[in-house]
Engineer: 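Before I ask anything, here is the structure I am working with.
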Amino acid sequence: MKKLLALSLTFVLTCGLITGCGNKTEAPAETQTPVVETSAPETEAPEAEVPETDVVAEAAMGYFANFPEDRHMIGVPDLFAKMDAGEDMLIIDIRAAEDYAAGHLKGAVNVPYATVGESLDIIPDDIPIFVNCYSGQTSSQTVALLNVAGKYATNIQGGFNNGISTAENYENYITTEEATLSGDEYPVDPAIKAAIVDYYAKATSDTFKSFNFPVESLGELVEAESDDYTILSIRSAEDYAKGHIAGAMNIPFGKGMQESFSTIPTDKPVIVYCYSGQTSSQTMTILRMLGYEAYSLAGGMGTEGKGGWLGAGLPVVTE
């Protein structure tokens, strides 16, 4: 009897523990955490990198791209006419101080060649500027650089020695009275100013002063058939065909000529020549602003008995 009772109790306990004896209770339903959709915060796309503009090269290329009809050159009689009319302008004489003191154009201020770069910020950019040197070559360089710096400058053809002092009644336009710049400031882009200051520093210390390459030296190179230099003629295509220095390439001087600069080798010096040295001085200066090691042939092609290549009795070719 005790055994039967024990079995019954075991059954009841087992039933209650395992199943609740038919009173089945469901396990609590599984709760789900609501999912809140969130969008990732919008991030601004990184701005595309804009390549830095080489302001010096841009201004240098613009010199010939925007070249005026007067080619930044004026004859002495036309300059005298402007002086007579009292036109608003500035004349800059870049000769040595002692030569300026001995006699210069009325109203002209003296900014010696080597100091032009340092004087850029006090040279006006709101009136026409006319520049003279001795023969028109270093003033051509200066005119190109002033225009690169944002000033409108024009070269006085022939300079003081070959232009001004040979003109009729030129004495009427000469004085020894000193004139000075106003002192007002005309800021120039820092990169452009630095490049121009560097230009004059090199021009006054280079083996070939003012970057003028001697005719005799080029004659020796041509005779030796040296390919260490590039010779560039900027005379007209017609004149080039009639006769040019052996080995010279031709890019005629004038508006748009910068489009052909890419054909000039960059791995060796360039010697530029024109008729007298004035337009080659402009071209050489712009090439230097573009990174070329360039020189202007002193006297240019010249004429027989009067200087330059032909004046030295050196040969030309037509092929």
Side-chain angles (χ1 to χ4, degrees), residues 59 62-95 99-100 103-113 116 119-120 123-175 179 181 186 196 210 212 234-236 252-257 272 274-286 296 299-302 307-308:
Y63 182 76
F64 285 115
N66 304 304
F67 212 45
E69 289 186 9
D70 65 14
R71 299 184 168 194
H72 292 300
M73 297 175 71
I74 188 171
V76 174
D78 290 334
L79 176 67
F80 286 172
K82 289 179 177 293
M83 294 174 71
D84 289 339
E87 292 189 17
D88 190 18
M89 61 182 180
L90 171 66
I91 300 173
I92 294 179
D93 187 325
I94 63 170
R95 295 178 302 154
D99 293 324
Y100 169 85
H104 53 267
L105 289 172
K106 292 179 179 179
V109 298
N110 185 217
V111 183
Y113 175 78
V116 173
S119 305
L120 285 176
I123 294 175
D125 58 15
D126 55 358
I127 56 174
I129 297 171
F130 298 93
V131 186
N132 78 267
C133 61
Y134 295 95
S135 65
Q137 297 192 38
T138 54
S139 56
S140 289
Q141 296 177 33
T142 298
V143 160
L145 293 172
L146 289 177
N147 277 280
V148 167
K151 329 257 183 197
Y152 188 82
T154 299
N155 180 48
I156 301 173
Q157 289 181 293
F160 196 89
N161 295 349
N162 302 330
I164 296 168
S165 64
T166 64
E168 185 177 359
N169 298 321
Y170 84 95
E171 297 90 350
N172 298 334
Y173 300 88
I174 301 298
T175 184
L181 292 168
Y186 304 87
I196 294 175
S210 305
N212 284 319
I234 61 167
R235 298 190 306 151
S236 69
F253 179 80
K255 185 173 184 177
M257 70 181 298
V272 188
C274 60
Y275 296 91
S276 65
Q278 295 183 72
T279 55
S280 60
S281 290
Q282 289 186 54
T283 306
M284 173 274 293
T285 301
I286 296 302
S296 174
M301 180 60 84

Engineer: Of all residues at least two apart in sequence or in a different chain, which pass the salt bridge (Lys or Arg N to Asp or Glu O under 4.0 Å) check with Arg235?
Structural biologist: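 Expected list: none.
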Engineer: How would you list, by chain and number, every residue that makes a ring pair (Phe, Tyr, Trp, His ring centres under 6.0 Å) with Tyr170, sequence neighbours excluded?
Structural biologist: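 Result, ring pair (Phe, Tyr, Trp, His ring centres under 6.0 Å) vs Tyr170: none returned.
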Engineer: How would you list, by chain and number, every residue that makes a side-chain contact (heavy atoms from CB on, under 4.5 Å) with Asp84, sequence neighbours excluded?
Structural biologist: Tyr173
Engineer: Residues two or more places apart in sequence or in another chain: which of them pass side-chain contact (heavy atoms from CB on, under 4.5 Å) with Asn162?
Structural biologist: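 Scan of Asn162 (side-chain contact (heavy atoms from CB on, under 4.5 Å), adjacent residues dropped) gives Ser135.
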Engineer: Assess the pair Tyr275 and Phe253: is the distance between their ring centroids shorter than 6.0 Å?
Structural biologist: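 Judged by ring-centre distance (under 6.0 Å), Tyr275 and Phe253 do not meet the cut-off.
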Engineer: Under the rule for side-chain contact (heavy atoms from CB on, under 4.5 Å), what residues qualify as partners of Asn161, not counting sequence neighbours?
Structural biologist: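 Counting only residues at least two positions away or on another chain, Asn161 forms a side-chain contact (heavy atoms from CB on, under 4.5 Å) with Tyr134.
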Engineer: For Tyr152, which residues count as a ring pair (Phe, Tyr, Trp, His ring centres under 6.0 Å) partner, sequence neighbours excluded?
Structural biologist: His72
Engineer: By salt bridge (Lys or Arg N to Asp or Glu O under 4.0 Å), which residues pair with Lys82, not counting sequence neighbours?
Structural biologist: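 Here the qualifying residues are Glu87.
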Engineer: What distance separates Thr154 OG1 from Ile129 CD1, expressed to the nearest 0.5 Å?
Structural biologist: 9.0 Å
Engineer: Ala65: what forms a side-chain contact (heavy atoms from CB on, under 4.5 Å) with it, not counting sequence neighbours?
Structural biologist: Gln258
Engineer: Which pairs count as side chain to side chain donor-acceptor pair (under 3.5 Å) when at least one residue sits in residues 136-148, sequence neighbours excluded?
Structural biologist: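 For residues 136-148, and leaving out neighbouring residues, the side chain to side chain donor-acceptor pair (under 3.5 Å) pairs sorted by first residue read Tyr113-Gln141, Ser139-Asn155, Ser140-Asn155, Gln141-Tyr199, Thr142-Tyr200.
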Engineer: Please name all residues satisfying side chain to side chain donor-acceptor pair (under 3.5 Å) with Asn132, sequence neighbours left out, ordered by chain then number.
Structural biologist: none
